[in-house]
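For reference, the structure is listed below as structure tokens.
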Amino acid sequence: MRVVEQTISDEQLITRFRMSGDMSVIGELYNRYAHLVMGVCYKLLGNEEDAYDHTMLLFEKLTSTLGSAEISSFNNWIYTAATNLCITTIRSKKSSNYIKSVPLDEVTELAAEPEQTDHDVQNVSADLLEQAILQLSDIQQNCILKFFYEKKSYKSISLELDLPENMVKSHLQNGKKNLRKLLDAYHGK
Amino acid sequence: MENNKIFAKRQCLSRSELLDFVAGNMTDAEQHEIENHLLDCPLCESAIDSLNANPQLLIALPSEYPGVKSELSRKRSVIGIPFIMRWAAALLIPIVAGFAVYFYTKSNDYKSSLTMEVAPLPPEQLVTRGEQSEQNSSEDLKASQLYQLADYRKAAEAYKVLLAKEPDNENYMLYLGISLLLDKQLKEAIPNFESLRFNSAKYYEPASWYLAISNIQLNENDNARLLLQELAAKQGDYTEKAQEMLKQIAE
């Protein structure tokens, strides 16, 4: 039975767990992320059995890692943890033995990577944003304008620009990254 | 344009959003919001890639966390057991548990354990469709996903749409009937099972079984008894279940 409200943020959930040890928090985080973690593990490991085992292992370890890991954004953290866990398994090439022998704290250590936040760029003015967009390459600018201003989908942009969908997505991703850098630069970072 | 549209944050995709997105069951606005999220979220992006590659990926993943203690015990016991065995266990445990509860109560309470008694068919059968048109394949996937998510009301609606397009598709008819039964729309469920009993050699037995269950739910035990006796007399998949059910309704 789920007793945690779904509107509570991940960070609030983690704080609750740290203060009270409320185990329903683990259930709620599983509910929010297990299907996504399974997808990450499947993409990296290539089979359902290993993906399932790694997903369960990660959530099993949450009870011990949530108390101490530095987590500013849980979705970034669990993605990194899942990726690193799978990569270590792939390197070991002994997935079933690895599952049994993985050190308890390894997932936390592996996941200790910097996390990106959009806190500052969310507050920039529209003028500044448009200035930054104009500094992007033509193709990135074009994709950003069509996607965000004209609300077009990857697919329709791909048809309009005669580009594969994954290229459209790539230009949008790189365009957003470059916008962040430009906006950070305006803020003197 | 407001800058916060570009850098807007949203929660990662829920399980149902993930399934809907992959099946293409979203409005343009919903799809756009998720596509924006995917630009910054490798977690959701990976999940979509994986589900596109393997639409059945999440079937074995419990929708609720089984709990720390039980999960730890499960990990200790299942490592090394072939995945297929776990699949079999996942399918058999609800059926066995259903009957265990059923016999334990030894009363007319068996009518209330409908979900366990009905025990939805194995997922393999969900993906073994007959010949279907390409345009129906995404709707077929959606119906199958709703069924797997135990949203039987919406699954029934989805199967009704599919059946309207392919009135002879016995598979759709069976799952429409089961979805209606599990949603307690018994009188709507029954004609589907009756039709299959009359027209389908392949689904004659499951249709008879589910028709019997529907009749028990409606307190039509005499009708159910006739169906169960027929199943019990045959050597088929439902022989033992029918024999046990006959004992129960006799008590």
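Each chain gets a letter, A, B and so on, in the order its sequence line appears, and its residues count up from 1.
Chain A forms more heavy-atom pairs under 4.5 Å with one residue of Leu38(B), Leu57(B), Leu43(B) than with any other, namely Leu43(B). Contact count against chain A (heavy-atom pairs under 4.5 Å) is highest for Leu58(B) among Asp28(B), Leu58(B), Ile48(B). The most heavy-atom pairs under 4.5 Å with chain A, out of Ala53(B), Ala29(B), Ser46(B), Cys12(B), come from Ser46(B).
With sequence neighbours excluded, the residues satisfying side-chain hydrogen bond (donor to acceptor under 3.5 Å, both in side chains) with Asp49(B) are Lys43(A).
Contacts with chain A (heavy atom to heavy atom, under 4.5 Å) involve these residues of residues 13-25 of chain B, listed by number: Leu13(B), Ser14(B), Arg15(B), Leu18(B). Within residues 158-166 of chain A, no residue has any heavy atom less than 4.5 Å from a heavy atom of chain B.
Side chains of Gln56(B) and Asn54(B): no donor on one and acceptor on the other come within 3.5 Å. Defined by atom type and a distance below 3.5 Å, a donor-acceptor pair is missing between the side-chain atoms of Lys169(A) and Asn174(A). A side-chain N or O of His54(A) and one of Thr89(A) form a donor-acceptor pair less than 3.5 Å apart. For the 3.5 Å distance criterion, the side chains of Ser73(A) and Asn75(A) qualify, holding a donor opposite an acceptor. Gln217(B) and Ser214(B) share no donor-acceptor pair across their side chains, judged by distance under 3.5 Å alone. Side-chain polar atoms of Ser24(A) and Asp22(A) form a donor-acceptor pair below 3.5 angstrom. When only modelled atom types and interatomic distance are considered, Thr80(A) and Thr83(A) share no side-chain donor-acceptor pair under 3.5 Å.
Side-chain atoms of Met245(B) and Ile213(B), non-hydrogen and from C-beta on, do get closer than 4.5 Å to each other. Side-chain contact between Ile216(B) and Gln248(B) is absent, with no heavy-atom pair separated by less than 4.5 Å.
If you measure heavy-atom distances from Leu62(A) to chain B, you find no contacts under 4.5 Å at all. With a threshold of 4.5 angstrom between heavy atoms, Thr55(A) approaches chain B through side-chain atoms but not through N, CA, C or O. Of the atoms belonging to Glu35(B), heavy atoms from both backbone and side chain fall under 4.5 Å from chain A.
In plain terms, the two heavy atoms of Cys44(B) and His37(B) that are nearest each other are SG-NE2, 3.3 Å.
Counting only residues at least two apart or in different chains, ring-ring contact (aromatic ring centres under 6.0 Å, His included) contacts with residues 14-45 of chain A comprise Tyr30(A)-Phe59(A), Tyr30(A)-Tyr65(B), Tyr33(A)-Phe74(A).
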